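Here's the structure we're looking at; comments come further down.
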There are 2 protein chains.
Amino acid sequence: MHDRSDRSDLGSAGGALVVAKTCAILREIARAGGGGARLADLSRNTGLSRPSVHRILATLKVEDFVRQSASRRYRLTPQVHEIGLSAPGVAGNLEALRPVIQQLSDVSGDTVYLSMRSGTNAHYLMRGEGSYPIRTYVVKPFQVLPMVSCHSGRALLGSMPRPEADSIIARAWFDDPGQFKAATRDSLREEIEFVRENGYGWARDVTFEGVAGLARAVPNANGPGYLAVTISAVSPRLPLDRARDLLPKLIETTSRIRQIIDNLQI
Amino acid sequence: MHDRSDRSDLGSAGGALVVAKTCAILREIARAGGGGARLADLSRNTGLSRPSVHRILATLKVEDFVRQSASRRYRLTPQVHEIGLSAPGVAGNLEALRPVIQQLSDVSGDTVYLSMRSGTNAHYLMRGEGSYPIRTYVVKPFQVLPMVSCHSGRALLGSMPRPEADSIIARAWFDDPGQFKAATRDSLREEIEFVRENGYGWARDVTFEGVAGLARAVPNANGPGYLAVTISAVSPRLPLDRARDLLPKLIETTSRIRQIIDNLQI
DNA sequence: ATATTTATTCCATATTACGGACTAAATTTG
DNA sequence: CAAATTTAGTCCGTAATATGGAATAAATAT
C-alpha cells in the first residue's frame with residue numbers, strides 16, 4: 001500500500017507531483033553547498049522515500065542537472081549554474097539595492113559595503129558613504145578579496161555548511177597564511193563559529209590595521225548566503241558595544257535586501 | 001489514445017519521465033532569456049503537448065521556480081538564480097581559464113580579455129598579456145562596462161534573443177547616448193545583427209579612440225551567452241583582414257572555455 | 001469587428017510513479 | 001581488521017498520477 005503521506009508538504013501542486021518533488025530535491029542539493037548532498041540526507045530532509053529520491057536523481061543525472069562524485073554525493077552541474085544565470089538576480093539589478101545600502105550609511109554615519117561571494121572570494125559591489133568625518137575607504141567597489149581576509153567574507157563563511165567553510169579556510173591557509181592577518185587557522189574557525197551561531201561577525205584589523213567591521217550575510221533559504229553587508233569604521237568608533245547597538249539596523253538592512261531580491265523583475 | 005510519441009527525445013530517463021520533461025522546460029525558459037517564454041513556444045520547442053507543459057508549469061509556479069508576467073510569459077525566478085549560484089561555475093573557478101586566455105595572448109601577441117555578463121554590463125574578469133610592444137590596456141581586470149560600449153558586451157548582445165538585445169540597446173540609448181561612442185542606435189543594432197549571424201564582432205574606437213577589438217561569446221546551449229573573449233590592439237595592428245586570420249584561434253579559445261566549464265568540479 | 005493564434009480547463013484512460021522489502025556497498029565501531 | 005551499522009541501489013505488483021484530445025476562454029492580429 002502506498003500511503004504517500006509525503007504529499008502533505010507538497011500538496012498544493014496542481015497535478016504534477018513529481019515536479020514538486022524534483023524542485024524539493026534541487027533545493028536541498030543547493031542547500032548542501034559545494035560539498036554535495038547524500039541520498040539519505042536528501043530523503044530525510046525532503047520527506048521523500050529513498051527509492052523515489054533515487055529515481056528522480058537518476059533522471060536528473062541523465063539530464064545533467066546533477067552529477068555524482070566518487071564519494072557518491074550528489075552535486076549540481078554547470079548546466080544548472082547557467083540556467084540560473086538566465087534568472088533574475090542581484091547582479092543584474094544592483095541599483096535596486098543602492099538606496100538600502102545608502103540608508104544604512106545615513107543612519108550609522110559609517111561606510112557600508114555590499115559584497116557577493118564568488119568562489120572563495122568576496123566581490124565588493126557597492127559602497128555607501130556615511131557622514132562621520134573619519135572614513136574607512138579600505139575597499140573600493142568592484143574590488144575582490146579572499147573571503148578569509150575581509151569582514152563580508154567571514155560573514156559569508158559563517159553562513160555556509162561547516163565542512164565547506166572549513167575546507168575554504170584550510171585551503172587558504174595552505175595557499176598563503178599571510179592573508180589571515182592577525183588571525184590563525186583556529187582563531188578564524190572560532191570566529192566563523194561565532195558568526196554561524198549569532199548571525200553576525202565583528203572584528204578588528206581584518207582588512208586594515210585600526211579598522212573594525214560589523215558584517216552579516218543576507219539570509220538565504222535556498223543555500224549558503226552569497227551576499228553580505230558590512231559596516232566599517234575606525235576601531236575606536238566601532239567597539240563591540242556600538243556594534244551590538246547597530247546590529248538591529250544591519251539585520252533590518254539584510255532583511256530588506258532579501259525582500260528586494262525575492263521580488264526582482266516579477 | 002495517448003501516443004506519447006514525445007518520449008523519443010527523453011527516452012533515456014530511468015523512470016521519472018516528468019522529471020526529464022521538467023528539465024527540458026526549465027532549459028527552454030532559460031534559453032528564452034530575460035524576456036520570458038510563451039507556453040506555445042515551450043510546447044513547440046520541447047515537443048511536449050500544451051496541456052502537459054501547462055500542468056508542469058503550474059507546479060513550477062507553486063514551487064516558485066517560475067513566474068508568469070502580465071503578458072503571460074513564463075520566467076525563471078530569483079530562487080532559481082540562487083540555486084544556480086550553488087552550482088559550479090566560472091566565477092568560482094576563474095584560474096582554470098587563465099592558461100587558455102594567456103595562450104591566446106601568446107599566439108596573437110595581443111591583449112586578450114575575458115568578460116562576463118552581469119545584467120546590462122560586461123564584467124572584465126581577466127586579462128592576458130601579449131608580446132606586441134604597443135599594448136592596449138584600455139580595461140582593467142574587474143572593471144565593469146556597459147555592454148553597449150565594449151567589444152565583449154557587443155559580442156554578448158549578439159548571442160542573446162534579438163528582442164532582449166534590442167531592449168537593452170534602447171534602454172542604454174535612453175539613459176545615455178554618450179556611451180555609444182561613435183555608434184548610433186541603428187548602427188549598433190546592425191553591428192549586433194552581424195555578430196548574431198557571424199558569431200564574432202570586429203570594431204574600432206569602441207572603448208577607446210584608435211583601438212580595435214575582435215570579440216566572440218563563449219557558446220552556450222542553455223541560453224544566451226554570458227562569457228566573451230576579446231582580442232584588443234591598436235587599430236593599425238588589427239585591421240579586418242588580420243581579425244579574420246585570428247578568428248579561428250579565437251573560436252578555438254571559446255570552444256576550449258566551453259569544454260572547461262562543462263567539466264568544472266565534477 | 002472578425003479571424004487567428006494562444007492559454008487554460010476537463011476528463012476517461014493507461015502509463016508511470018509508488019514504497020516495502022531485499023541486496024550490495026561503504027563507513028564506522030569495537 | 002572483523003563485526004555492526006549506516007548508506008546506496010534494485011525489484012516489482014499496485015494504484016495513483018500524468019496523459020492529450022477536445023472544448024472553451026482569452027488575447028492578439030487583421
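Excluded from the calculations below are hydrogen atoms, water molecules and symmetry mates; all remaining heavy atoms, backbone and side chain alike, are included. Since we're looking at a predicted model, the values are computed, not measured. Letters go in sequence order (proteins before strands), and every chain restarts at 1.
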Going 5' to 3' along nucleotides 3-9 of chain C, which nucleotides have protein heavy atoms under 4.0 Å from the base (write B), which only from the sugar-phosphate (write S), and which from neither (write -)?
---SSBB
Length of the line joining A:Leu48:CG and D:dT7:P, which is rounded to integer Å:
17 Å
Presence of salt bridge, A:Asp166 and A:Arg162, under 4.0 angstrom
no
Straight-line distance of B:Leu48 CG to B:Thr46 OG1, nearest 0.5 Å
3.5 Å
Can you name the one residue among A:Arg31, A:Arg27, A:Arg258 that meets salt bridge (charged side-chain N to carboxylate O under 4.0 Å, His left out) with B:Glu82?
A:Arg258
D:dG20, OP1 or OP2 - any side-chain N/O from B:Ser52 closer than 4.0 Å?
yes
Should the heavy atoms of other residues, nucleotides or ligands under 6.0 Å from CD of B:Glu95 be counted, would the total exceed 12?
yes
Please state how far atom CD1 in A:Ile56 lies from atom P in D:dA18, giving the value in whole angstrom units.
11 Å
Under 4.0 Å between a side-chain N or O of B:Ser49 and OP1 or OP2 of D:dT19?
no
Counting only side-chain N and O atoms of B:Lys21, is one of them less than 4.0 Å from OP1 or OP2 of D:dA18?
no
Between A:Leu57 (CG) and C:dC18 (P), how many Å, whole number?
12 Å
Counting only heavy atoms from other residues, nucleotides and ligands, does the tally under 6.0 Å from CZ of A:Arg73 exceed 12?
yes
Find the bend of the helix from C:dA1-D:dT30 to C:dG30-D:dC1 as the angle between its two terminal axes (five pairs each), to the nearest 10°.
70°
What distance separates B:Arg216 CZ from B:Ser152 OG, expressed to the nearest 0.5 Å?
13.0 Å
Can you check whether A:His123 and B:His123 have ring centres sitting under 6.0 Å from each other?
yes
A:Arg72 side, atom CZ; A:Arg38 side, atom CZ - distance, nearest 0.5 Å
12.0 Å
